[in-house]
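Each remark here refers to the structure printed beneath this line.
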Amino acid sequence: IHYTINLMNTYASPYQIGLGDSVNYNFKNYLVLINYIKGETDAKGYTPKSNRTILIDDNDNRIICNDFTKLTINEAI
């Protein structure tokens, strides 16, 4: 029997990422602002060719994460 153990709190799929999720990326804390999923068309008709997540920090700086597996979920206090 094979078990997958998720030692760090990471996402297994881009579908698990929620808007407003508190995450850590490159040792900084962010909130998820937008989550684009490859092949999924958004309300404005945009269909991304790859997964990517747009993050925002406390100073309203935005950064793009192209690999959701590098996001660590911050625990709720």
Identify the heavy atoms of [X] and [Y] that sit nearest to each other, and give their distance.
X     : Y     : result
Glu40 : Pro48 : O-CD, 3.3 Å
Leu55 : Cys65 : CD1-CB, 4.2 Å
Tyr25 : Tyr30 : O-CE1, 3.5 Å
Pro14 : Asn51 : CG-ND2, 3.8 Å

Roughly how far, to the nearest 0.5 Å, is the [atom2] atom of [Y] from the [atom1] atom of [X]?
X     : Y     : atom1 : atom2 : answer
Phe68 : Arg52 : CZ    : CZ    : 15.0 Å
Asp57 : Leu33 : CG    : CG    : 11.0 Å
Gln16 : Leu71 : CD    : CG    : 11.5 Å
Ile34 : Ile64 : CD1   : CD1   : 9.0 Å

For [X] and [Y], test the side chains for any donor-to-acceptor distance below 3.5 angstrom and give the result as yes or no.
X     : Y     : result
Tyr11 : Asp21 : yes
Thr10 : Thr72 : no
Ser22 : Asn74 : yes
Asn35 : Thr53 : yes

ask   = Counting only heavy atoms not in Asn66, do more than 12 sit closer than 6.0 Å to its CG atom?
value =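 Atom CG in Asn66 is packed in, count exceeds 12.
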ask   = Stepwise, does the side chain to side chain contact (heavy atoms under 4.5 Å, CB included) test hold for Val32 with Val23?
value = CA-CA 7 Å; Val32 174; Val23 298; 4.2 Å; yes
ask   = Does any N or O in the side chain of Asp67 come within less than 3.5 Å of the main-chain N or O of Thr69, such that one atom is a donor and the other an acceptor?
value =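 It does hold such a pair.
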ask   = For the hydrophobic clusters of this structure (ILVMFWY residues joined by side-chain heavy atoms under 4.5 Å, transitively), does one cluster hold both Ile73 and Ile63?
value =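 Yes, same cluster.
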inquiry  = Let me check something: do Leu19 and Ile37 share a hydrophobic cluster, defined by ILVMFWY side-chain heavy atoms less than 4.5 Å apart, either directly or through other members?
reply    =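 In one cluster: no.
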